[in-house]
Novice: 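The structure follows.
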Amino acid sequence: MPPDEEGTGAPTAPEIQRRVLRYWEEHGVPDRAYGGTPDGPVFRFTEGPPGVNGPPHLGHTEPRTLKDVQLRYRRMRGARIVSAMGGWDCHGLPVELAIERKHGLKSHRDIESFGVERFCDECRATALTYADVWREMSRRQGFWLDYDHPYRTMDAPYIESVWWALKTLFDRGLLDKGHYVLPYCPRCETTLSSHEVAQGYREVSDPSVTVRFPLEGEERDLLAWTTTPWTLPANLLVVAHPDLEYSVVRTGDGRDVVLATQAVPRYFSGPVEVVARLPGADLAGRGYVPPFDAAGPGDGRYRVVLDDFVTAHEGTGLVHSAPSFGPDDYRIGAREKVGVFDPLDGRGVFGDAVPLVRGKPFKTADPILVADLAERGRLFRSETIRHTYPFCWRCDHALLYRAIDSWFVRTSRVTDALVRYNRASRWVPEYLRDGRFGNFLTEAKDWALSRSRYWGTPLPVWVCAKGHATCLGSFAELAQLSGAPLPADFDPHRVTVDRVVLSCPTCGGESRREPYTVDVWFDSGCAPFAQFHYPFEPGPFDPAAPLDFVSEAIDQTRGWYYTLLVIATMVFDRPAFRANLTCEFLLEETGRKMSKSRGRVLEPLELLDRIGGDPIRWLFLSQDFTAPIRAGEDTLEKSGHRTLGALRNVVAFHLENARADRLPPVLTAPTASNVLDRWLLSRLEGLRTASTGAHESFDPRPAAAAVREFVDDLSTWYLRRSRPRFWAAADRPERRAAHATLAFVLLELSRLLAPLLPFTAEWVWQEVGERGWSAADRSVHFAGWPTESAARDPALEAGMRELRDLVEVGRELRQRAEVRSRIPLAELVLFGPASPELAGLGTEGTALLAEELNVKRVVRASAESAAGYPESAWVVREDGGRPVAALPRRPSPELLEEGWAREVGRRLQQARKELGLRYLDPVAVTVSAPEPIARALRRRSTALATDLLADPFDVVETPLEPGPDIRRWDVDGVAFSARIVRRATGAAPG
RNA sequence: GGGCCCGUAGCUUAGUUUGGCUGGAGCACCCGGCUGAUAACCGGGAGGUCGUCGGUUCAAAUCCGACCGGGCCCA
């Protein structure tokens, strides 16, 4: 620190950060760091690629902190990181939606008349809009990944690797086409995967209608309940449970109704006339008149069938079934061979089959259909209910479930392997593995992979008129089968690829591409190998090796973690990763999820600048990130005050101290003899062990906790008690020892901090080390992880703990005796023999205790009783009836006088500080005090004059002339005053 | 509707696996002390229906059940 900044204290976290960033960037430190040691042991990692057509929020810094901690640790252990590439997820609906909004496009037809090629071009141009903001956020939080060479899921080589994976699945019979009921967004005109659906459930009001289904040739109506009247035109069956009991209830209007006995109270209050009771099985096969004559006749339609999925917990215990619009309906329809009838077009609009609502979107048809039923006497009851219903997570349009063609990854065929390979992974926190994630695996449904969209990896499947499907696994195959070479700048997106017509390898006929793109989650699941263009180019990807480590937030249990595992299992037949570290979400102060759509957002760039990357990293590391963390401005600003602030001040103290006397850096462990030095070195070794263990087990929490305790001990005990040694002359051995210990410990500490707090650690390393800020390879991040810092001495640590407990006891006694600490007392009495650990601290330990408590000596007394220590003269601390320690109630006159001198001296020092005087500014002092104090001051005037740099130092008993340079004090009822005048500078100090 | 996690002082939380001393700490607050590194530190104080109810037990924050509330996941 330059001399003119002497005494200004420690720099703030943002100041340190700016200094460190400047050093890193001037010397190209991160560029050299990313990949780790080129010939070191391989540590496999892949960054889960974020979509960056929108800005990040502060929550995104949480898992990135966790990733960075582990990667920094591995680099310091000499690992080669495969790979440290940043990555961007480029495809998918979020990007498409931005373009649709920009041009007011509302449907597939709109996009196609706009031009698919132009549409994709705009998507490509938009996909990385916020990449620079994400990069800047990474820079400011000290998140080291190589963003100069990121992988991008829209690049041709990446897509070719994805094709290779799809082809591998296809060849193994794990990728094929099916017709199933899937969630479908009529606005986006595509199917969605179940995890996308899960993001969009909302509470809404819907019609709740109970409809009469007249039984053929009977004066009875079946009652069936639905919240989706728009599915009634597609009704083909009514389903009953074979074992439920049904009642025929007389209604008085001439037509009896049939419903589950359990459901009767829901529909009738008071006594009802039950005409008959029968099991559901008896209803099987009876024909009924459908509510609308839309589907037309067909074998087996409009009759009652049986299935176990029916319950009587809600509705009537009879279920109206439209096989095109529900998974169970579809299954039953297929079993009963009644076919599928879907009156809606791709946008969810009714066609000619239902004239009543022709041209109406499905939801708006509800009231029209219900009114018509009522008019025809088919409506038994009509109400409105609140329930949850799925909406499109991106465009907010109501979804529907419908039977539709789709390509599937047959994950359900490899459930056992998924479970087995998941069990081979370590999860932090552990319970996620077999809990949330494991449960999901055992129920794994086939993965609906295809999307009827435009901006994505095109499904590389071509089908000929005879239905022969050909899956391509490379661009070379495409060129070969199409009979034409590909252009040098071939871009494998829609239009380009759609234009290619192949000749079917089976029959030679014309083969056209299936007009789908692939779920973006398949793209990102391929990242571990597609980032290297595997298997088309040589690279470090090893098909047999799982990743060593991944880390993301909790939402990825159903997202990226899942697709990584599916692809690792199906393509490479191995686990996806060895270890996984998962954090919960960062919540707003109110406990709600961070979201741009709701009110005020904590803006990450601004916060990282104003508060600093390290304090924000510390917020995540010092709390339990496996639970949701709530953060507001306040929390953020306070984060790191305690530990980081204390540490910065210890370093500032050290620097001031070392530089004042030009003491050298200390690079190797000093041989310590002083008990405090030995203790601190032992604590340092404890910290090193704890940190190493934590990082090796992929959980940084214990490392952060150990750092907090260590810094606390360093600041509030080691430094506090070592201060007299630091103030000794520069050539004194005790000063040298204290300096050597603190210098070494800080340097070593900075290496242990480097993974957690990269900026602070760098600052400490550069400032305390030997050649500050000088070259790229001088960064703490290249300094390696310490192997052994010093010798561990558990007995010494235990003894010191005991001693510090005794300090607390002593303070309590002083408080009770009402004798302030500055006034020395004759002795501290400890009862009973010292424990071996405490005794092990020897006379140094006793001296520490005496100095800290300002007593002249520490003596031991028999543990039996405090009989010799009457209450009139002693305060005694007892524990469980046995005496522990005792202190005299009053000081002797001599001690009192000594205390007063110290009191006055301290006040004068305080005054110097308040007057803005520097350490070496000489002053002239006149003190006025009443007799006993004046005498005490005169006796010690030489020492006081030296301490205060005062010449002359006069003591008078007469009052001082009033004036602006007079200070007055009143301590315990005794008044004294002083005049302190700064002398002309240039005079020799001391 | 089902699953997972959670509920302890105004706030942040330890303790719950394996029941056992007076439920421990930090921030904030009040009183006092200490301080020429510190946004600190030290002593004392005040602040707790350990979400609610019931059960098991000599003994429950801890184990069991039900319920209430929050978050996430699934439907």
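The analysis underlying the following values was restricted to heavy atoms, covering all of them including side chains, and did not include hydrogens, waters or symmetry mates. Numbered from 1 within each chain, the chains take letters A, B, ... in sequence-line order.
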Novice: Are side-chain N/O atoms of A:Thr582 and A:Tyr561 paired as donor and acceptor at under 3.5 Å?
Specialist: yes

Novice: What nucleotide, of B:rC4, B:rA39, B:rA37, holds the atom closest to the side chain of A:Tyr431?
Specialist: B:rC4

Novice: Using the C1' atom as the reference point in each nucleotide, state the distance between B:rG15 and B:rC67 in Å, no decimals.
Specialist: 25 Å

Novice: Need the pair for B:rC50. Rule: Watson-Crick or G-U wobble, both distances under 3.5 Å, any strand; none if unpaired.
Specialist: none

Novice: Rounding to a whole Å, what distance do you find between A:Arg804:CZ and B:rC41:C1'?
Specialist: 11 Å

Novice: Can you tell me how far C1' in B:rC6 sits from the matching atom in B:rG51, rounded to whole Å?
Specialist: 11 Å

Novice: Give the rounded distance in Å between these two atoms: CG of A:Leu719 and P of B:rC41.
Specialist: 14 Å

Novice: On the nucleotide B:rU13, are OP1 or OP2 found under 4.0 Å from the side-chain N or O atoms that A:Gln623 carries?
Specialist: yes

Novice: Could you state the CG-P distance from A:Asp712 to B:rC41, rounded to the nearest angstrom?
Specialist: 7 Å

Novice: Quote, to the nearest angstrom, the C1' distance that separates B:rU62 from B:rA14.
Specialist: 13 Å

Novice: Nearest-Å distance, CD (A:Glu15) to P (B:rU38)?
Specialist: 16 Å

Novice: Do A:Ser821 and A:Asn854 have side-chain N/O donor and acceptor atoms under 3.5 Å apart?
Specialist: no

Novice: With no hydrogens and no angle check, just 3.5 Å: does a side-chain donor-acceptor pair link A:Ser412 and A:Asp446?
Specialist: yes

Novice: Among A:Arg683, A:Arg735, A:Arg725, find the residue that satisfies the salt bridge (charged side-chain N to carboxylate O under 4.0 Å, His left out) test when tested with A:Asp677.
Specialist: A:Arg725

Novice: Rounded to whole Å, how long is the line connecting atom CZ of A:Phe653 with atom C1' of B:rU35?
Specialist: 12 Å

Novice: A:Arg720 side chain: which of B:rC34, B:rC72, B:rA39 is closest?
Specialist: B:rC34

Novice: Below the 4.0 Å mark, does B:rC34 have OP1 or OP2 next to a side-chain nitrogen or oxygen of A:Arg820?
Specialist: yes

Novice: Hey, does the side chain of A:Arg906 come within less than 4.0 Å of B:rU35's phosphate (OP1/OP2), counting only N and O?
Specialist: yes

Novice: Taking the C1' atom in each of B:rA60 and B:rG20, what is the distance between them to the nearest angstrom?
Specialist: 10 Å

Novice: Taking atom C1' in both B:rG48 and B:rA61, compute the distance separating them and give it to the nearest angstrom.
Specialist: 11 Å

Novice: Do A:Trp679 and A:Tyr718 make the cut of ring centroids closer than 6.0 angstrom?
Specialist: no

Novice: Does the base of B:rA40 carry an N or O that pairs as donor and acceptor with the side chain of A:Thr716 under 3.5 Å?
Specialist: no

Novice: Using both distances under 3.5 Å as the test, list the Watson-Crick or G-U wobble partner of B:rC21, or none.
Specialist: none

Novice: Using atom CZ of A:Phe585 as one end and atom P of B:rG70 as the other, report the distance to the nearest whole Å.
Specialist: 19 Å

Novice: Nearest nucleotide by nearest heavy atom, which residue falls closer to the 5' end of RNA chain B, A:Glu812 or A:Thr12?
Specialist: A:Thr12

Novice: Please state the P separation for the pair B:rA25 and B:rG45 - nearest whole angstrom.
Specialist: 11 Å

Novice: If we take the P atom in both B:rG7 and B:rG44, what is their distance in whole Å?
Specialist: 29 Å

Novice: Contact class for A:Ser715 (heavy atom, under 4.0 Å): base, sugar-phosphate, or nothing?
Specialist: base

Novice: Choosing from B:rC72, B:rU38, B:rG33, which nucleotide comes nearest the side chain of A:Ile554?
Specialist: B:rC72

Novice: Can you measure A:Arg723 atom CZ to B:rC34 atom C1' for me and round it to whole angstrom units?
Specialist: 9 Å

Novice: For A:Tyr330, I'd like to know if atom OH has over 12 heavy atoms of other residues, nucleotides or ligands within 6.0 Å.
Specialist: yes

Novice: Is B:rG7 paired to anything, Watson-Crick or G-U wobble with both distances less than 3.5 Å, and if yes, which nucleotide?
Specialist: B:rC68

Novice: In whole angstrom, give the distance that lies between atom CZ of A:Phe437 and atom C1' of B:rG3.
Specialist: 16 Å

Novice: If you assign each of A:Glu852 and A:Arg902 to its closest nucleotide in RNA chain B, which residue comes earlier from the 5' end?
Specialist: A:Arg902

Novice: When the C1' atoms of B:rC72 and B:rA59 are considered, how many whole Å apart are they?
Specialist: 36 Å

Novice: Compare the minimum distances between each of B:rC4, B:rC34, B:rG36 and the side chain of A:Ser821, then state the nucleotide with the smallest one.
Specialist: B:rC34

Novice: Does any donor atom in the side chain of A:Asp699 or A:Ser697 lie under 3.5 Å from an acceptor atom in the other side chain?
Specialist: no

